[in-house]
Each structure stands twice: as structure tokens, then as C-alpha cells.
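Each ligand, and each atom within it, is numbered from 1 in the order the structure gives.
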Amino acid sequence: MSNYAIILAAGKGTRMKSDLPKVLHKVSGISMLEHVFRSVSALNPAQTVTIVGHQSEMVEEVLAGQTNFALQKEQLGTGHAVRMAEEVLGNLEGQTLVIAGDTPLITGESLKSLVDFHINHKNVATILTAEADNPFGYGRVVRNADGEVLKIVEQKDASDFEQQIKEINTGTYVFDNRRLFEALKEITTDNAQGEYYLTDVIGIFRQAGEKVGAYMLRNFEESLGVNDRYALSIAENVMRNRINKGHMLNGVTFQNPATTSIDIDVEIAGDVELEGQVTLRGKTKLETGVYVSAGSYLQDSHIGANSRITHSMIEESTIGQNVTVGPYAHIRPDSSLADEVHVGNFVEVKGSCLGAGTKAGHLTYIGNSEVGQNVNFGAGTITVNYDGQSKYGTTIGDGVFIGSNSTLVAPLTIGDHALLAAGSTITSDVPEDGLALGRSRQVNKDGYAVRFPHHPARKEN
Ligand code: UD1
Ligand code: CA
């Protein structure tokens, strides 16, 4: 029998106090909804339906092409939301997982165990539950003296006795697909919140004498439902620990994992070492032997083997092997540094390629430039790539030596092995092997300094 899945993602998430729909808030770099979708994918569902409503277009965008969507125009409750999937799933034979889009920590493994449990026990409905130290806010699982599940009661509807129950509903269930949609026709809004509760179908099945069960998560952590930003920060923390532990077990050294934040899709090879206060975002990939020091922020970048990144920011760029970057360097989008490049303190590179062995040690801006191999940028070199309206490119050949404090006014081509004298303003192309002097000649006037107030000869008078 086939598996189907329904993801609930229509709510606004009032308690988030945000303009962004709740399920689009991110945990470790991707939205909560994507986390849930990835876990659900472990079941290989024949069909998935994501229920959207509040800011539906934004929500649909993150899963476009990967799921069916059903629109819940008014958010009348989780039971009403599931009903919206009837058109797609209504008559199908099989079991349907229902999961809330705000539970990003539930793993695919747990979902598989839940479905197996459901099938093995021949249940009509199985609730994924967890044992909470502080169950406040969650629906509680009410059982009879024999331990059989009777119903779920929401926090706001729970009696004093029911509020003592520690077994909570994670908001994830497996149902017999046909029976689910039949039972949904019977639910009412007769409760404290005046909503159609999905949770009421459990009591309905019980009363019809059908088999209902609960599968308890081994790890309570997974059950977290994110309703506010405090819970979001807890989710981030749990996910960070999970991701970091995975990398550690793959051979990555973390000097201070509590402060090292790595997005879920980052790839790290063995024998990489990360200091604390390191942030790796997006699809960043680090090859073996890379060392990243505290204060570094790398986004969507590829760092080649044995390169060393010190207290620097690198965005959407490609770094070769044995490269050293920083401290305090900024590699901006669309840059590439070939092997053995050195970019030192207060150097900014933007939209530029630097050939192998090229060095820019200090205080330099390289923008929209194609730079050859073994070029030496003196301190204070600036490519002048912008005239206030358009950007212009600079091409620098192999082995060029640029004296300190040179200004290269683009568009410009500097031939191989040319030498630019320190302090030059270069406005025209320089041929291969040429020397360019773009500065005024120095004049010395003998004895003139005596005329100025700084001079001891003046001060004595
Ligand atoms: C729900 C459960 C509760 C459980 C908790 C687990 C109900 C009635 N209660 O409560 O038993 O312990 O989850 O986290 O189901 N949504 C819609 N349309 C709606 C209402 C909600 O799509 O009309 C979506 C939300 O976007 C969210 C999910 O359903 O992703 C859960 O809704 P939420 O309001 O957070 O439910 P809880 O009060 O947390
Ligand atoms: Ca919730």
C-alpha cells in the first residue's frame, strides 16, 4: 500500500510576531518547511500535498515542483486544513502521514518507524508522541487504565487532571487515508479555540471502535513545535549540534562547537579544522586540510585543500588549494583565487580572478579584474572600476609587479611582467615588459625646510 503525506503550512504563526509566514523561518539555513519536506521524503510518498494559506505564494515558492499544493483560504484549524487535501488524496488506498510544517526536528528515520509501527499494528490512526518534562502548550494524549489511547485534548481544553499528562502530541500522525477523510466530516468547532481540530479524529475513531495507537519518539528533542522565536532558537541549537556532531564523526575538528554555526547543506572533508565563532552558510564546501579561524564567515563558497582562512568573509567565490586569506579580508561574489594565492589584511576582491601564486598582502581593492599568475600587488593598490555609472574591467598579465599605492583606472590592460612604479596613477595600457611611471617628478629645494614653523631653527627664536 502506498504512502501519502500532508504537510500543514497554512497558518500565519501569530506568536512569531513576524511578516514572514512561520514555516519559512529558517533553521540552519533552510526553512522549517523544507526540513519537514526532507524528512517526509524519506517515506517515498506517492503523493504529497502541502496545505498553504497565509502568504501562500511565498510558501509555494520554496517547494515549487516538489509537491502538490492545496489552498486553505481561511485558517479554521488543523482539521479543516487537512480536508483541503481531499481533492488530491480523497479516494486513494493507503496510509497518510500528516505533519505540521513547524516541527523541523523530526527525522525521516522517526517517520519511517512511525509508519512501520502503524502498519504492523493494523491501526486506523497512529499518533507520534513524546514524553515532555514541560508539556505546556501541546495537545495531551489521554489513555485509559489499560493504556489504550482514547483521545487528544488541547492545552486550552484540558482539565486540571489532563494538564498533568506528560505524553504530548507532536502534531504528526499516520492515518488510513480513506478513514481520515471520512472522520474529518464529523469534527466540529465545539472547543475553546472555536477551530476544527485534526486531533478530534482520534476520539472519533475510538468511539467507532477502531484501532488507534501511539508511537513514542525515543528522543523528545525531535518533537519541538516552533510557535515563537524562543522555540526557533532552541530548534537552531538542536540542529546545530546535530550537524556539528555529524561533521565531527566524519573527521572534522571543532575547537568550540557551541559557537560554530554550519548550514545543513555545507560539505566538509576530513581533517578540516574550525575554530569557534565560524559561520559556514549555504552550499559552502571545504576540502581536506582547510583551516578556518575565529571570526570567519563563508557563504556559498568552495575552499580548496589546505587553504587557510583567517578572520575573513568569503561570499559566492572559489578558492584554490594552499591559499591564505586574511586576517580581515573580504572576498565578494564571483571571485576566484587560484592555488597558492595570498590575500592579506584589509584586501577586498570583487568579481575578479586571481591567477596562481598572485599576492595582495595589504590594503588593496581588486574589482572586475582578470589577474594572471604571480602578480604582486603592493600595499594600497586600487583598481578604479567605477565612474559613478558603469563598471569597467582591468586585465593584468602574468608576473606583473605593481608598486605600492598605485591606482589603476579601468578599462586597462597591463602586459605580462610589466612594472608599475609605486605611487602611479595608471590611465593607459602598459605593454609587456614595460615600466610605467604615472607620477609627478620629485623636486628637492635645499635648505627650504628651515622656513617652516616645525623646524627647530625657527622654534628657538
Ligand atoms: C498542534 C496540535 C497539538 C500539538 C501541536 C504540536 C491541533 C489542534 N493541535 O497545536 O495537539 O501538540 O500542534 O506542535 O492540531 N495550520 C494550518 N491551518 C490552520 C491551522 C494550522 O495549516 O487552519 C498549520 C500551521 O501552519 C502549523 C500547523 O498547522 O504548521 C500546526 O498549527 P499550530 O497552530 O501551530 O498548532 P498548535 O497550536 O501548535
Ligand atoms: Ca505548533
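- Residue pairs that meet the salt bridge (charged side-chain N to carboxylate O under 4.0 Å, His left out) test with at least one member in residues 72-88, sequence neighbours left out, are Glu86-Lys185.
- At least one heavy atom of Gln72 sits closer than 4.0 Å to an atom of ligand 1.
- Under 3.5 Å, the side chains of Thr324 and His342 contain a donor-acceptor pair of N or O atoms.
- Under the 4.0 Å criterion applied to side-chain N and carboxylate O atoms, Glu182 and Arg179 are assigned as salt-bridge partners.
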**OP:** Show the numbers, then the answer: is there a side-chain contact (heavy atoms from CB on, under 4.5 Å) between Phe254 and Ile262?
**Re:** CA-CA 11 Å; Phe254 285 67; Ile262 301 178; 3.5 Å; yes
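- Looking at Asn169, Leu224, Ile168, it is Asn169 that brings a heavy atom closest to atom 5 (C) of ligand 1.
- Nearest non-hydrogen protein atom to atom 1 (C) of ligand 1 is Glu154 OE1, 4.5 Å.
- With a heavy-atom cut-off of 4.0 Å, Ala81 touches ligand 1 through its side chain alone.
- Protein contacts to the Ca ion (ligand 2) involving N, O or S atoms at a distance below 3.0 Å are Asp102 OD2, Asn227 OD1.
- The two residues Leu286 and Val272 have their closest heavy-atom pair at CD1-CG1, 3.9 Å.
- Scanning all protein heavy atoms for the shortest distance to atom 28 (C) of ligand 1 gives Ala100 CB, 3.7 Å.
- Proximity of Lys156 to ligand 1 is not established, as no heavy-atom distance is less than 4.0 Å.
- Exactly one residue among Asp387, Asn385, Asn368 makes a side-chain hydrogen bond (donor to acceptor under 3.5 Å, both in side chains) with Tyr392. That residue is Asp387.
- The presence of a protein heavy atom under 4.0 Å from atom 3 (C) of ligand 1 is confirmed.
- Close contacts of ligand 1 with Gly139, meaning ligand atoms under 4.0 Å from a residue heavy atom, involve 3 (C), 4 (C), 11 (O), 12 (O).
- Of the protein's heavy atoms, Gly171 CA, 4.4 Å lies nearest to atom 13 (O) of ligand 1.
- Electrostatic pairing of Lys283 and Asp300 does not count as a salt bridge here, judged by no charged N lying under 4.0 Å from a carboxylate O.
- Summarising the contacts of atom 20 (C) of ligand 1 with Ala9, Gly77, Gly11, the nearest heavy atom is found in Gly77.
- Distance from atom 29 (O) of ligand 1 to its nearest protein heavy atom, with residue and atom name: Leu8 CB, 3.4 Å.
- Proximity of atom 36 (O) of ligand 1 to the protein is not indicated, since no non-hydrogen protein atom lies closer than 4.0 angstrom.
- In terms of heavy-atom proximity, Asn191 sits nearest to Glu195 at ND2-O, 2.6 Å.
- Proximity of Arg15 to ligand 1, defined as any heavy-atom pair under 4.0 Å, is confined to the side chain (atoms from C-beta onward).
- Under the 3.5 Å distance criterion, with hydrogens and angles disregarded, a donor-acceptor pair is assigned to the side chains of Gln255 and Glu273.
- Looking at Thr199, Asp200, Asn191, Thr170 and measuring to atom 14 (O) of ligand 1, the nearest heavy atom belongs to Thr170.
- Heavy-atom proximity to atom 21 (C) of ligand 1, evaluated over Val59, Ile6, Thr78, Val153, is greatest for Thr78.
- Residue contacts with ligand 1 include Lys22, since one of its heavy atoms falls under 4.0 Å from the ligand.
- Residues Asp200 and Thr188 approach most closely at OD2-O, 4.3 Å, considering heavy atoms.
- Of the candidates Ala70, Gly137, Ala10, it is Ala10 that places a heavy atom closest to atom 22 (O) of ligand 1.
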